[in-house]
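Read through the structure below, which is laid out as structure tokens, and then see the notes.
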Amino acid sequence: CCIAKFLTNFDLPDVEPWGPIVLASLLNHKDAQVVESAVILLDNWEDAKLLPLLKNLSFSSDWLCGYIDEVVVRLGG
């Protein structure tokens, strides 16, 4: 979760091409707090091209599922 929080200090173009790869890894982490931080990062980067990273992921937290739905809508997915 520290990696995701650190990356929020950068715009997406500043961390391409490796930033989305790190994001994908964080979204698939087993710790819900890490996943939450990764979703916040994706939301912060505001790039609809990253939305496919959220597909086929399942979460046990209703709050996290709701937040992901909000991010998808906000980014036009």
Side-chain angles (χ1 to χ4, degrees):
C1 110
C2 292
I3 294 170
K5 289 179 182 177
F6 175 74
L7 287 175
T8 61
N9 294 307
F10 299 93
D11 292 328
L12 181 58
D14 297 332
V15 295
E16 284 185 315
W18 56 268
I21 296 168
V22 172
L23 176 63
S25 296
L26 295 171
L27 286 169
N28 286 292
H29 199 278
K30 64 181 178 181
D31 186 318
Q33 288 182 322
V34 173
V35 175
E36 177 184 343
S37 295
V39 175
I40 291 169
L41 175 61
L42 190 148
D43 190 18
N44 184 60
W45 280 344
E46 298 179 325
D47 191 325
K49 293 182 292 187
L50 298 173
L51 288 177
L53 295 176
L54 295 177
K55 299 206 185 254
N56 301 319
L57 298 178
S58 61
F59 306 99
S60 59
S61 165
D62 289 339
W63 178 88
L64 188 53
C65 289
Y67 178 49
I68 290 169
D69 289 344
E70 289 176 21
V71 170
V72 169
V73 169
R74 189 171 26 259
L75 297 180

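Partners of S61 according to the side chain to side chain contact (heavy atoms under 4.5 Å, CB included) rule, which considers only residues two or more places apart in sequence or in another chain, are W63, L64. Looking at residues two or more places apart in sequence or on another chain, you find no side-chain hydrogen bond (donor to acceptor under 3.5 Å, both in side chains) involving N44. Applying the side chain to side chain contact (heavy atoms under 4.5 Å, CB included) rule to L51 yields the partners L42, A48, L54, V72, L75; only residues at least two apart in sequence or on another chain are considered. Take K30 and apply the salt bridge (Lys or Arg N to Asp or Glu O under 4.0 Å) test, not counting sequence neighbours, and it matches no residue.
Closest of all the heavy-atom pairs between L41 and A4 is CD1-O, 4.0 Å. Taking all atoms of both residues into account, the shortest heavy-atom contact from P20 to V15 is CD-O, 4.4 Å.
Side-chain atoms of D11 never come within 3.5 Å of backbone atoms of P13 as a donor-acceptor pair (strictly under, hydrogens ignored).
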*For L12 and L50, what are the C-alpha separation, side-chain angles and deciding distance, and is it a side chain to side chain contact (heavy atoms under 4.5 Å, CB included)?*
CA-CA 10 Å; L12 181 58; L50 298 173; 4.0 Å; yes

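Summarising the geometry, atom CG belonging to L23 is positioned 11.0 Å from atom OG belonging to S37; distances are rounded to the nearest 0.5 Å. Annotation: the span from L7 atom CG to D14 atom CG amounts to 11.0 Å, rounded to 0.5 Å. Interatomic distance, L26 CG to E36 CD, rounded to the nearest 0.5 Å: 13.0 Å.
In the displayed structure, D62 atom CG is contacted under 6.0 Å by at most 12 heavy atoms of other residues, nucleotides or ligands. Surrounding CD of Q33 are at most 12 heavy atoms belonging to other residues, nucleotides or ligands under 6.0 Å away.
Identified under the ring pair (Phe, Tyr, Trp, His ring centres under 6.0 Å) test for residues 8-48, with sequence neighbours left out: F6-F10. Sorted by first and then second residue, the pairs that involve residues 68-77 and meet salt bridge (Lys or Arg N to Asp or Glu O under 4.0 Å), not counting sequence neighbours, are D43-R74.
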